[in-house]
Undergrad: 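Sharing a structure, written as structure tokens. Questions coming.
Each chain gets a letter, A, B and so on, in the order the sequences are listed, and its residues count up from 1.
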Amino acid sequence: MPELPEVETFVRAVRPRLVGRRFLSARLSHDDVLRGVTRRSLLAGLRGARVVDVFRRAKHAAIVTARGTLVIQPGMTGSLTVRGRPAAAGEYAVLQVRLDRGGQLVYRDPRRLGTLLWLDAPGWEAYTGGLGPEPLDPGFSASGLGSILAGSRAAVKKVMMDQHALAGVGNIYAQEALFAAGIDPSKPARDVAPAGVRRLHRQLVRILRAAIAAEGSTVRDYRTGSGARGRFQFELKVYDREGEPCVLCGTLLSGTHAIDGRITVFCHRCQT
DNA sequence: ACGAGGTCCTGCGAGC
DNA sequence: TGCTCGCAGGACCTCG
């Protein structure tokens with residue numbers, strides 16, 4: 001599922017093919033992906049708009065035009081590409097926008113848990129302001145992470161995945177960072193000791209950077225901007241490995257649904 | 001402030 | 001083989 005590294009990967013792929021281009025006609029297959037915007041105003045806003053910037057914020061892709069910003073939150077199965085031909089039927093294309101000088105921006109989302117927003121400048125400021133800090137921002141420090149964790153008694157993994165607390169981290173990378181840092185995912189966030197916070201900060205940044213370098217993790221149907229599989233799934237140590245041996249100590253990995261109803265795999269011996 | 005549970009949506013794997 | 005069923009996921013909501 002697209003988390004920070006996966007969204008960063010397809011944003012990097014589409015950015016050079018979008019900036020400076022003008023949107024021609026747009027097609028939307030389903031209205032249920034829209035949040036706070038009607039089909040009519042989205043399509044009218046896109047038509048004729050010129051792209052001035054494309055970037056990632058948290059797990060969102062933001063496509064900025066002078067008229068408004070198209071925010072794509074890919075949810076679990078969403079992906080963004082620029083391609084030469086329109087998507088065929090059965091490719092789950094939700095939004096397709098024709099570009100001047102040829103090509104199409106295609107947002108695919110088989111399960112449509114993703115959402116599309118169309119925001120003006122103040123709307124974007126309010127939206128991004130409600131999200132937590134970027135973990136790969138140079139200003140994001142261990143003490144910054146520490147103050148986020150200190151503010152909650154909820155499970156540390158749940159806090160890491162809360163987009164209003166920390167941006168971009170989802171189920172895969174939260175589990176991997178907690179494993180690498182040797183921290184029990186169910187531990188109350190504010191009980192993580194300072195040394196643990198420093199390890200967690202270091203490991204989270206390391207893992208996110210490595211995942212971007214590997215163009216993300218293809219667990220199911222995520223693909224890079226060029227349609228290739230990511231390579232970071234081969235580096236995953238705990239995600240989807242319940243019952244398999246811990247790579248550090250050989251103990252069989254545990255799995256639980258007890259943290260926010262999401263599957264969490266961890267080593268009860270290495271993570272305390 | 002927290003956990004629990006429901007909602008959206010559909011592909012897929014499990015089970016019969 | 002062919003069906004039904006329940007799960008999976010992120011974000012958001014309500015309730016206790």
Side-chain angles (χ1 to χ4, degrees), chain A residues 1-8 10 28-37 39 56-62 71-80 87-95 107-119 123 126-132 134-135 147-178 184-192 208 211 216-223 230 233 236 238-243 255-265:
Chain A
M1 55 229 81
E3 299 182 27
L4 186 159
E6 290 76 29
V7 179
E8 181 68 28
F10 58 61
L28 181 72
S29 72
H30 293 78
D31 290 6
D32 54 17
V33 297
L34 302 179
R35 292 298 126 86
V37 62
R39 155 187 293 267
R56 179 194 59 77
R57 168 75 169 115
K59 302 174 195 172
H60 310 70
V71 178
I72 297 172
Q73 185 177 61
M76 174 183 161
T77 52
S79 65
L80 198 62
E91 285 194 274
Y92 307 102
V94 173
L95 179 71
Y107 174 62
R108 296 178 61 239
D109 191 352
R111 298 193 196 170
R112 295 205 311 283
L113 280 177
T115 53
L116 302 179
L117 300 89
W118 178 248
L119 301 172
Y127 189 81
T128 190
L131 297 170
E134 288 290 332
S147 44
I148 290 167
L149 298 183
S152 177
R153 267 178 292 153
V156 56
K157 178 189 175 228
K158 183 178 171 170
V159 176
M160 290 174 75
M161 292 172 61
D162 179 352
Q163 299 302 297
H164 305 290
L166 182 63
V169 179
N171 203 27
I172 294 177
Y173 298 104
Q175 290 180 60
E176 294 298 317
L178 285 161
D184 180 344
S186 64
K187 180 182 276 246
R190 69 179 187 184
D191 292 349
V192 178
L208 291 174
S217 305
T218 296
V219 168
R220 220 167 216 175
D221 46 8
Y222 159 78
R223 291 294 184 277
Q233 64 275 18
L236 300 176
V238 286
Y239 178 81
D240 203 26
R241 292 195 66 238
E242 178 178 358
T256 177
H257 273 86
I259 303 170
D260 209 24
R262 304 253 148 68
I263 284 186
T264 304
V265 182

Undergrad: Which of the following nucleotides, dA11(C), dC8(B), dG3(B), is nearest to the side chain of K158(A)?
TA: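 For K158(A), the side-chain atoms sit closest to dG3(B).
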
Undergrad: Nearest whole Å is fine: how far is dC2(B) C1' from K157(A) NZ?
TA: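 My rounded result for the distance is 17 Å.
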
Undergrad: Quick check: does any side chain N or O of R153(A) sit under 3.5 Å from a backbone N or O of A150(A), one acting as donor and the other as acceptor?
TA: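 Flag not set: sc R153(A) to bb A150(A) has no pair under 3.5 Å.
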
Undergrad: Can a side chain N or O of S152(A) be found less than 4.0 Å away from OP1 or OP2 on dC2(B)?
TA: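 Yes, because at least one side-chain N or O of S152(A) sits under 4.0 Å from OP1 or OP2 of dC2(B).
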
Undergrad: Is a donor from one side chain sitting under 3.5 angstrom from an acceptor on the other, for T128(A) and R57(A)?
TA: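 Checked: T128(A)/R57(A) side chains pair up, N/O donor to acceptor below 3.5 Å.
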
Undergrad: Ignoring hydrogens and angles, answer whether the base of dA8(C) and the side-chain atoms of R262(A) contain a donor-acceptor pair closer than 3.5 Å.
TA: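 Under the 3.5 Å cut-off, the side chain and the base do not form any donor-acceptor pair.
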
Undergrad: Could you check how far CD1 of I72(A) sits from P of dG10(C), rounded to whole Å?
TA: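 Taking atom P of dG10(C) as the reference, CD1 of I72(A) is at 19 Å.
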
Undergrad: Just how far, in rounded Å, is C1' of dG10(C) from CD of E6(A)?
TA: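 Spelled out: CD on E6(A) to C1' on dG10(C) is 13 Å.
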
Undergrad: Using the side-chain heavy atoms of L113(A), tell me which of these nucleotides is nearest: dG9(C), dT10(B), dC2(B).
TA: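 The closest nucleotide is dG9(C).
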
Undergrad: Within the distance-only criterion (no hydrogens, no angle test), does the side chain of E134(A) pair as donor or acceptor with the backbone N or O of A58(A) below 3.5 angstrom?
TA: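 Flag set: sc E134(A) to bb A58(A) pair under 3.5 Å.
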
Undergrad: Among the nucleotides dA11(C), dG10(C), dG11(B), which one has an atom lying closest to any side-chain atom of Q73(A)?
TA: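 Out of dA11(C), dG10(C), dG11(B), the nucleotide with an atom closest to Q73(A)'s side chain is dA11(C).
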
Undergrad: Expressed in angstrom and rounded to an integer, what is the separation of D109(A) atom CG from dG10(C) atom C1'?
TA: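 In whole Å, dG10(C) C1' and D109(A) CG are 11 Å from each other.
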
Undergrad: Considering only dG9(C), dA11(C), dG3(B), which nucleotide approaches the side chain of A154(A) most closely?
TA: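 Closest of the options to the side chain of A154(A): dG3(B).
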
Undergrad: Mapping A155(A) and H30(A) onto DNA chain B by nearest heavy atom, which one lands closer to the 5' end?
TA: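 This one resolves to A155(A).
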
Undergrad: Among the nucleotides dC12(C), dG11(B), dA1(B), which one has an atom lying closest to any side-chain atom of H164(A)?
TA: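 When the side chain of H164(A) is considered, dC12(C) is the closest of dC12(C), dG11(B), dA1(B).
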
Undergrad: Can you tell me how far P of dC12(B) sits from CG of D240(A), to the nearest Å?
TA: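 After rounding, the reported distance stands at 16 Å.
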
Undergrad: Using a heavy-atom cut-off of 4.0 Å across all strands, would you classify N171(A) as base, sugar-phosphate, or nothing?
TA: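 It contacts sugar-phosphate atoms only.
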
Undergrad: How many Å lie between CZ on R111(A) and P on dG9(C), as a whole number?
TA: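 Taking CZ of R111(A) and P of dG9(C), I get 10 Å after rounding.
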
Undergrad: Whole Å only: how far is the OH atom of Y239(A) from the C1' atom of dA8(C)?
TA: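 Roughly 8 Å, once rounded to whole Å.
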
Undergrad: Using only atom types and a distance under 3.5 Å, with no angle test, would you say the side chain of Q175(A) pairs donor to acceptor with the backbone of I263(A)?
TA: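 Yes, the answer is positive, given that a donor and an acceptor are paired below the 3.5 Å cut-off.
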
Undergrad: Between T264(A) and L178(A), is there a side-chain heavy-atom distance shorter than 4.5 Å?
TA: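 Answer no - side chains too far apart.
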
Undergrad: Taking only the side-chain nitrogens and oxygens of R112(A), find out if one of them lies under 4.0 Å from OP1 or OP2 of dT10(B).
TA: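 The answer is yes; a side-chain N or O of R112(A) sits under 4.0 Å from OP1 or OP2.
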
Undergrad: Decide side-chain contact (heavy atoms from CB on, under 4.5 Å) for V7(A) and I72(A); before the verdict, give the C-alpha distance in whole Å, the side-chain angles of both, and the deciding distance to 0.1 Å.
TA: CA-CA 10 Å; V7(A) 179; I72(A) 297 172; over 6 Å; no

Undergrad: By nearest atom, which of the nucleotides dC9(B), dA8(C), dG10(C) is closest to the H257(A) side chain?
TA: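 For H257(A), the side-chain atoms sit closest to dA8(C).
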
Undergrad: Y92(A) side chain N/O closer than 4.0 Å to the phosphate oxygens (OP1, OP2) of dC9(B)?
TA: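 Looking at the OP1 and OP2 atoms of dC9(B), neither is under 4.0 Å from any side-chain N or O of Y92(A).
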
Undergrad: Whole angstroms only, please: what is the CD-P distance between E3(A) and dA8(C)?
TA: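 My rounded result for the distance is 17 Å.
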
Undergrad: Tell me what A58(A) touches on the nucleic acid: a base, only sugar-phosphate, or nothing, going by heavy atoms under 4.0 Å.
TA: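 Here A58(A) touches no strand at all.
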
